[in-house]
Every structure is written in C-alpha cells, then in structure tokens.
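Remember, it's 1-based here, ligands and their atoms both numbered in the order they're listed. For clarity, every value in this text was computed on a predicted model and none was experimentally measured.
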Amino acid sequence: MLEEILEFNRKFVENKGYEKYITNKYPDKKIAILSCMDTRLTELLPAALGIHNGDVKIIKNAGAVISHPFGSVIRSLLVAIIELGVEEVMVIAHSDCGACHMESEEIIARMKERGIKPEAIDMIRYCGVDFDSWLGGFDDPESSVRNTVKTIKTHPLIPKDIKVHGFIIDSLTGELTKVV
Ligand code: ZN
C-alpha cells in the first residue's frame, strides 16, 4: 500500500499534478472546520460544501471533539484565528460516527490484548489521565457538537467576535443539518 502511494507521488510531481492546487496559507473563505477523521468524509465533506484548496482550514480528529481545553484542537484554532485570519468556525460531526458509543474500558481491554502492560495503564491513570473522558465517545452527536461549540465560544483565549456554528453531515449524502 505504501509503495503504491510513493509511486503515485513520484508521478504526480513529475507530471506537475500540483499546478491546479497552488494557493497560499491564508484561507480565502476565512473559515476553519473542525470535523471527524472518518474516511467517508475525506473527499465527501469538501465536495458537498464546495470547498477547494486554499478555501478553509480543516482540523480533524476522532469524533470532531475537543478533548482538552488547551490541547491541539484549540491550539490549531488559535493559530487559524490569530495568525491566519479565520473569522468563523464550523464544527461538523457526522452520522454513524465511530466515536459514538465508544467505551474507554473496551479500548483499554483491546490495548492490553495488543501487549500494553496493565501497569502502564494504572500509572497513566495515577498521573491524572481520566480515560473515560479522554478515550470515551459520546452518546448523541448533536449534544457533542453543542458542547464543542460552547467550548470554543466560551474559551478564554478565543476572541468574542468569532462566529461558531455546529452541524451534522450525512456520511452518505453529504447533507448538512444545523445543530441549534
Ligand atoms: Zn466520526
């Protein structure tokens, strides 16, 4: 699989496949999108929103969540807003998300099957990592989006003039539904 990708890449550059993607680092639409890493959304999300290279900043993780108020998502949003001119944020979760109903205890059990030592888990727990909130999923994507929107809107380092909106995208049709 990796060889295939590397071979494609050599040809892509050789044939100047990049020419139609040339742009700069500033998002033309002044929008940042926080969404899920789900593979169904890789091309569907930008296509369904009419987004092209250079239009928006896209931040992705499992579930489109903010798992820590000073973690990498807020860091990325801050850079997008303060340094790159983003004025609006869209939080876009999706139907049938793998992070929905995720159980931290199940994940930990599978880690142990993969050779992670129970002592390591205990030690990390002892150091203050709350596995339930860090690895756990959400029951309802709409309330997850609502929480994420609220976290961004009320964050002490995010300027108050930034508009934040929540949506669910249909993983099959790409239809966006606003979360109010
Ligand atoms: Zn997902």
Q. Does any N or O in the side chain of Asn15 come within less than 3.5 Å of the main-chain N or O of Phe12, such that one atom is a donor and the other an acceptor?
A. no
Q | Stepwise salt bridge (charged side-chain N to carboxylate O under 4.0 Å, His left out) check, Arg40 with Asp96 | A | CA-CA 10 Å; Arg40 287 167 292 184; Asp96 188 37; 2.9 Å; yes
Q: Return the orientation label for the His165 and Phe167 ring planes: parallel under 30°, perpendicular over 60°, tilted otherwise.
A: tilted
Q: Using 2.8 Å as the cut-off, count the protein N, O or S atoms closer than that to the Zn ion (ligand 1).
A: 3
Q. Does Phe70 have any ring-ring contact (aromatic ring centres under 6.0 Å, His included) partners at least two apart in sequence or in another chain, and if so, which?
A. His155
**Q.** Check ion pair Arg10-Glu7 (N to O, under 4.0 angstrom)
**A.** yes
Q.
Tell me whether Lys178 contacts the main-chain N or O of Ile168 through its side chain, where contact means a donor paired with an acceptor under 3.5 Å.
A. no
